[in-house]
Amino acid sequence: MTGYEEALEKLKKYDQEQVFAYYDSLEEAEKKALVEQVNSADFSVLSMLKEQKEVKRGVISPLTETVTLDKIKENEKSYLEAGIKALKEGKVGCVLLAGGMGTRLGSDDPKGMYNIGKTHPLYIFEMQIRNLMDVVNLCGRPIDLFIMTSNKNDEKTRTFFQEHNYFGYDPNYVHFFIQEMAIACDYNGKIFLEDKDSMSMSPNGNGGWFVSLKNAGLLDYVKDKGIQWLNVYAVDNVLQKMADPLFVGATELSGFPVGSKVVAKAAPDEKVGVLCKEDGRPSIVEYYEMTQEMMNAKDENGNYAYNFGVILNYLFRVKELEEIVGRDLPLHIVEKKIGHLDADGQFTKPKEPNGYKFENLVLDMIHMLSDCLAYEVVRDHEFAPIKNKTGVDSVESAQALLEKNGIEL
Ligand code: UTP
């Protein structure tokens, strides 16, 4: 069977022949590229849409122990000592998740290139580096920074760092790696075309970061360097404190394979994922999965039982990551705005969500591990996410929080 025949058969099997709508008008090289893309893409994800399988949750219960702000204060000295020691010994690396498309923010550039300054330029990437630099200066040695990008933004991201001289960070300690891509489709399950010779592909979610890091050959580097902990965090929280010595110390001393920074919820019905237990293992329940009863449940001290939301800042022990690396993560169907060719063959960028992407999420890795330390941080000091242009979790709200923390914009 030729490559073309193989591709056609696959398209027929999944009822996706629209992908070849312009095939006959393409140049030979374009035909070849499209055939290769079809043959290498994973279409099995489409069957998920048909099945509309609901993810079956296990028995959810509250966390039994959280390192709250009070406990952190009590143990500050020992956490700090342990954390600084681990950092000075080079046991901690950072993983910046920057492969997302930032569709809600709506910029064509990688989110990290967004300028949040008011009177002078201050880029999101720059803020992230500044925060990491604080720890580097404190412990007197560089920290390896692994930056995950996608095919869609890798070149722009690397060029941006080069042009800005890595914002003063030692480039020998910055390592880029590219995540995998997945198909995207409309609400009827039809794969979108991005161009006449290519399907719309999107980064496959932030859950594949460890596999992609490994596939890029960087796990060998991690192990050679003696890095035992990887701190994974989102690009869009501009108050992100990474490689935080107290958090590192607390997690290491707990003996748990992973720690998660959490914030006390602003209200019982706040729209954040909540760290809890599921069948005795750590897990994250999304806000839409919370029942009224769970929202109002109290613990024996009268505090809300499901009170701690995650902020996408996790410290994973590498040893346990290696044990779970081959296991399949659940696939999430996410509604997004997906750029595509319209009926006239013109590329169009929708203003509203118009279809589905398929994503693995880092939070599902938590559930694969035996336990997770919930480590509380002060929301206004550490959580200023930029998701939207205006309103909640926007550039404006993050700017206000930065100013509150004494950052000049
Ligand atoms: P979000 O879930 O907010 O997704 O990412 P996003 O793509 O950035 O933005 P929207 O939903 O399209 O508006 C949370 C973090 O995970 C990273 C993002 O870069 C961000 O740091 N991420 C997300 C990836 O690295 N890869 C992905 O495929 C998705």
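Both ligands and their constituent atoms are indexed starting at 1 by order of listing.
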Which residue and heavy atom of the protein sit nearest [atom], plus the separation:
atom                    : answer
atom 12 (O) of ligand 1 : Thr103 OG1, 2.5 Å
atom 26 (N) of ligand 1 : Gln179 OE1, 2.6 Å
atom 6 (P) of ligand 1  : Gly102 N, 3.6 Å
atom 21 (O) of ligand 1 : Leu97 O, 2.6 Å
atom 2 (O) of ligand 1  : Arg104 NH2, 4.2 Å

Shortest reach to [atom] by a heavy atom, considering only [options]:
atom                    : options                        : answer
atom 5 (O) of ligand 1  : Lys152, Lys387, Glu180         : Lys387
atom 4 (O) of ligand 1  : Lys111, Lys336, Met101, Glu359 : Lys336
atom 18 (C) of ligand 1 : Pro110, Gly100, Ser212, Ser150 : Gly100
atom 16 (O) of ligand 1 : Val334, Asn206, Asp393         : Asn206

Heavy-atom pairs closer than 4.0 Å: do any link ligand 1 to the side chain of Pro203, the backbone, both, or neither?
both
Does the ring of Phe43 carry Lys10 above it, NZ/CZ under 6.0 angstrom from centre and within 45° of its axis?
yes
Looking at Phe308, is Lys265 sitting on its ring face, NZ or CZ under 6.0 Å from the six-membered ring centre and within 45 degrees of the normal?
no
Below 4.0 angstrom from a heavy atom of [X], which ligand 1 atoms are there? Numbered from 1 as shown, please.
X      : value
Ala234 : 15 (C), 21 (O)
Met148 : 25 (O)
Gly205 : 26 (N), 27 (C), 28 (O), 29 (C)

Over 12 foreign heavy atoms within 6.0 Å of NZ, Lys85:
no
NZ-OG1 distance between Lys261 and Thr251, expressed to the nearest 0.5 angstrom:
9.0 Å
N/O of Tyr233 under 3.5 Å from N/O of ligand 1, yes or no?
no
Test of proximity, Gly99 against ligand 1: N or O pairs below 3.5 Å
yes
Looking at [Y] and [X], is there a salt bridge between them, counting it only when a charged N and a carboxylate O are closer than 4.0 Å?
X      : Y      : value
Glu30  : Lys196 : no
Arg130 : Glu126 : no
Lys223 : Glu322 : yes

Report yes if the distance between the aromatic ring centroids of Tyr123 and His164 is under 6.0 Å, otherwise no.
yes
Leu96, Leu315, Val95 screened by side-chain contact (heavy atoms from CB on, under 4.5 Å) with Tyr233, the one that passes
Leu96
Which of these, Gln399, Glu408, Glu403, sits in a side-chain hydrogen bond (donor to acceptor under 3.5 Å, both in side chains) with Lys118?
Glu403
